[in-house]
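Owing to the predicted nature of the structure, the values given are computational and were not obtained by experimental measurement. All chains are named by letter (A, B, ...) in the order of the sequence lines, taking the proteins before the strands, and each is independently numbered beginning at 1.
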Amino acid sequence: MEQGKIDSKQAILLMMSTVLPTAILTVPAVTVKFAQQDAWLSLLVALSVALIIALLIVNLGLRFPGKTLFVYPEEILGKIVGKIICGLYIGYFLQLGSAVVREFSLFLGATIMPNTPIVVFTILIIAVAAYAVRNGLEVLSRFNQLFIPLSGLLVIMFLLSSKEMNLTRVLPIFDTGLVPVLKGAAYPLNWLGLIVTMGVMLPYLNKPRRAYRVAVIATLLNGLFLLASIMGALLLFGPHLTANWLYPTYDAVRVICLDHVVERFESIILVMWLLGGFVKLGVFYYGAVLGSAQWFVLEDYRPLVIPVGVILGALSFLLYGENVADLDHFFTDAGIPSSVLIFEIGIPLALLSVDLLRGKGRRKG
Amino acid sequence: MANFTKLSKLKPKSLGQNQEQDKHPAEQPEKVGLSGVPWKDQILGPDLETNIRQIKAILNNCSDVIYREFVLAQNERIRLALVYMDSMVDKAQISEQIMKTLSLEVPLVVIGEEITQAQALEFIKQRGLCIHQVKESDRFRDLIHAILSGDTVLLVDGHPTAIINETRGYESRSISESETEPTVRGPREAFVESLGVNISLIRRKIKSPDLKIETLRLGEVSGTGVALVYIEGIVNESLVSEVKSRMARIKVDAILESGYIEELIEDSPWSPFPTVNHTEKPDRVAAMMLEGRVAILVDGTPFVLSVPTLFVESLQASEDYYERFWFASAIRIVRFLAMITSLVLPGLYISLVSFNHGLLPTTLLLSIAAQRETVPYPVFIEVLAMEITFEFLREAGIRLPRAIGQAVSIVGALVVGQAAVQAGMVGAATVIVVALTGIASFVFAYSTSISFRLLRFALILLSGVLGLVGLISGVAVIGIHLCTLRSFGVPYLSPLVPPTTVDLKDTFIRGPWWAMLSRPRLVVKEEQQKQATELKPTPPETRS
């Protein structure tokens, strides 16, 4: 079905683009809302849980070489239950994809072109991602590799904005207590836990033995970038301002101004973010398309690209309400428990335990 | 004939053979021959008259064919005939080395020895002819081909075999400086239209027995000579066989330029990007082959194809390798900037001015707005009109006779540039943007710059409709498309994506020669070191 193979580096970068493009903008505000100046502690908690998820999903995947997350549930739990779980995961990827579509459409509509109907952006974003998905995982990861050097600019921007930073803004440490820190961890975990997409990529790695390394490195890098964005926002604006803004990272970049020569850096973040968004959507889109094709046991996934794209577009309008606030509600209220507990930890853990008991999969080693 | 039949099945009335058959039904029996075999498969008979009649039948209405009958060594019993094309041969050679020798000089040397008719062919070949290259053949197909290529066919009465003498001597352009790829430093010679001369130009660069030249003939009507050239031991064998198989499936009536072949062997025929490169400089072709590529030479054109082609080749010029590496690397980066500029600048200008003012620094925005006060059209129309005007100018500059070309540039610069701005029809910033884009598109390889020219208009449209978002989406689609491309199996964007770190030394920068140890990995497949490791020069230890 998928002919291409991707190497370890490509997989790591793909995983980074899967998590970071939206997370880096939204995670600081939400995390800080719960954990105030201890948001970075929340992130560390989330990171450690995400590492466990990464190990879990890779272990599961390696037991069934050449099979994706959509296929091995059937082997473990039998045809009917397996198909249901596969269907659930397709739904999961559709939800993730449509959320990306909605988030990008709303952001573009709100910040850049307020007079353009949202649906125009929705169609545009899905069309670009569809072109990549149609060409397969290999092209998607190469495209990602092509543009990811641009994110080196992010590091430069972080350094440039550092002259406004003030370390006292994260003090006092651990003042908020344990519960807010844990609550704050849920949101970044939602993003970091997206490492479950490794379950889709794993069969297409050219060296599957490196999968553990890929998953762990990707998760650590994701954690590092999120930590930097949270710290950047906190050190620049302090917990109260950060919590009230939608996209603190975007605002952090706006403060950069060197002698009125180097300014308006936010346009660069916009470019990077949009390009990253295409990849991010591409990954979920690809997951949904590949999953559906494997669910229906098709020879080729390409006929499904356009139908799934239409579904993504429709869902992006149906699920997330009218505006950015509604979208945020979806994530903070409904999204986290369902996706983290069910898809990122629950099902993989259940699958692994059943397999350990019944021993269908290949033993490690 | 066999191939003609195949072709005529595809396109019944397109080819000359059928029409000729219609025109001269009377000639038909002779052409097909008594046995009913098509002439291409016929072989010679022993009778001189019959053979000549047969050739005359095949080459009827070709007034430039000359049939010259004479005898060997004043001996009336051994009759000979020469057949050649008047316009394609070296006449002095035929008169001196063939006719004078065989009829006058042979009797002077061979005194008292009787040459019988049975010995004649062997005698002529071994002792008679003073021609550097002779071949024997008994097939009309070979004879006709030889005559049409400028060789001279010598028929001997009583022998079913003819001698083909190499006597080609037609006018061709002499080797001159390259006009499409001029250089400041480096060899100036360029290929010419003659395949033989072009092969010699390559052979002169690479004096190795490993330089292999395989010729074939393409085009059912034109019979164009095509040569595959590669260096054995460096090239990947599977690449050679892939090129051969792609060439083998070419069945067309004529190949008039290497561009025909290019379009018939591409990996992605619908892509705007060229996945087969061409050049007219022998040094560049030699360098390509030393990197493991196959060159395709076509008779009748100075443009030589090389495959596989990578995207980074459009950043490279042969001069980069002759200048010192600091300068060459800097120029590469300039070319890359020019490439980006030529693709996105007009689109970026449109989206920043008409949609996303917020992203421009305030002072710049104010100055642009002040210029555009009198301009009647939206910036999208303005840029589009100026870009199209520029395309007019560019095309006029190429097509016009050279003497008038200068007038066009003056009119273009004055009328379009100066007057349009003064009349307030176009903003000065727009002229700057369009001119900058135009200049930038000349900085890197021409073949890629054409693709970028086309795509630029697509990006102008997208930016005009959706601003920066449209522009970025367009660039993303181009990026995805580039990632899908392959040239003879090699990813088009390599060594950038997928990255091969060692090969990055010859992309955006040009590493110093002493550091470029290996050949491009994806092209030659296995790792190949091409030079010694300790080549970096150092000053002597002792100082005096």
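- Here the rule is side chain to side chain contact (heavy atoms under 4.5 Å, CB included) with A:Phe143, and of B:Val497, B:Ile480, B:Val477 only B:Ile480 fits it.
- None of B:Ser494, B:Cys483, B:Pro499 except one satisfies the side chain to side chain contact (heavy atoms under 4.5 Å, CB included) rule with A:Arg142; the exception is B:Cys483.
- When each of B:Gly467, B:Gly470, B:Pro491 is scored by its heavy-atom pairs under 4.5 Å with chain A, the top score falls to B:Pro491.
- Environment of CD1 in A:Ile306: sparse, with no more than 12 heavy atoms of neighbouring residues, nucleotides or ligands closer than 6.0 Å.
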Could you go step by step and tell me if B:Val469 and A:Met113 meet the side-chain contact (heavy atoms from CB on, under 4.5 Å) rule?
-> CA-CA 9 Å; B:Val469 182; A:Met113 299 181 83; 4.3 Å; yes
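- Residue B:Leu471: no heavy atom, backbone or side chain, is found under 4.5 Å from chain A.
- In this structure, the side chain to side chain contact (heavy atoms under 4.5 Å, CB included) partners of A:Ser141, at least two apart in sequence or on a different chain, are A:Ile6, A:Gln10, A:Leu14.
- Counting non-hydrogen atoms of neighbouring residues, nucleotides and ligands closer than 6.0 angstrom, the CZ atom of A:Arg302 reaches no more than 12 such neighbours.
- The residue among B:Leu468, B:Leu496, B:Leu466, B:Leu482 with the most heavy atom pairs within less than 4.5 Å of chain A is B:Leu466.
- Rounded to the nearest 0.5 Å, atoms CG (B:Leu462) and CG (A:Leu124) are 7.5 Å apart.
- For A:Leu108, the part sitting under 4.5 Å from any heavy atom of chain B is the side chain, from C-beta outward, and nothing else.
- Atom CG of residue A:Asn115 and atom CZ of residue B:Phe355 lie 10.0 Å apart, to the nearest 0.5 angstrom.
- With values rounded to the nearest 0.5 angstrom, A:Arg134 atom CZ is found 11.0 Å from B:Thr484 atom OG1.
- Residues of residues 273-287 of chain A placed with any heavy atom under 4.5 Å of a heavy atom in chain B are listed by number as A:Leu274, A:Leu275, A:Phe278.
- The most heavy-atom pairs under 4.5 Å with chain B, out of A:Ala132, A:Pro149, A:Gly136, come from A:Ala132.
- The local environment of CZ in B:Phe508 is crowded, with over 12 non-hydrogen atoms from other residues, nucleotides or ligands closer than 6.0 Å.
- For NZ of A:Lys207, the number of neighbouring non-hydrogen atoms (other residues, nucleotides, ligands) closer than 6.0 Å is 12 at most.
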Could you walk me through whether B:Val475 and A:Phe147 pass the side-chain contact (heavy atoms from CB on, under 4.5 Å) test, one step at a time?
-> CA-CA 11 Å; B:Val475 171; A:Phe147 285 108; 4.1 Å; yes
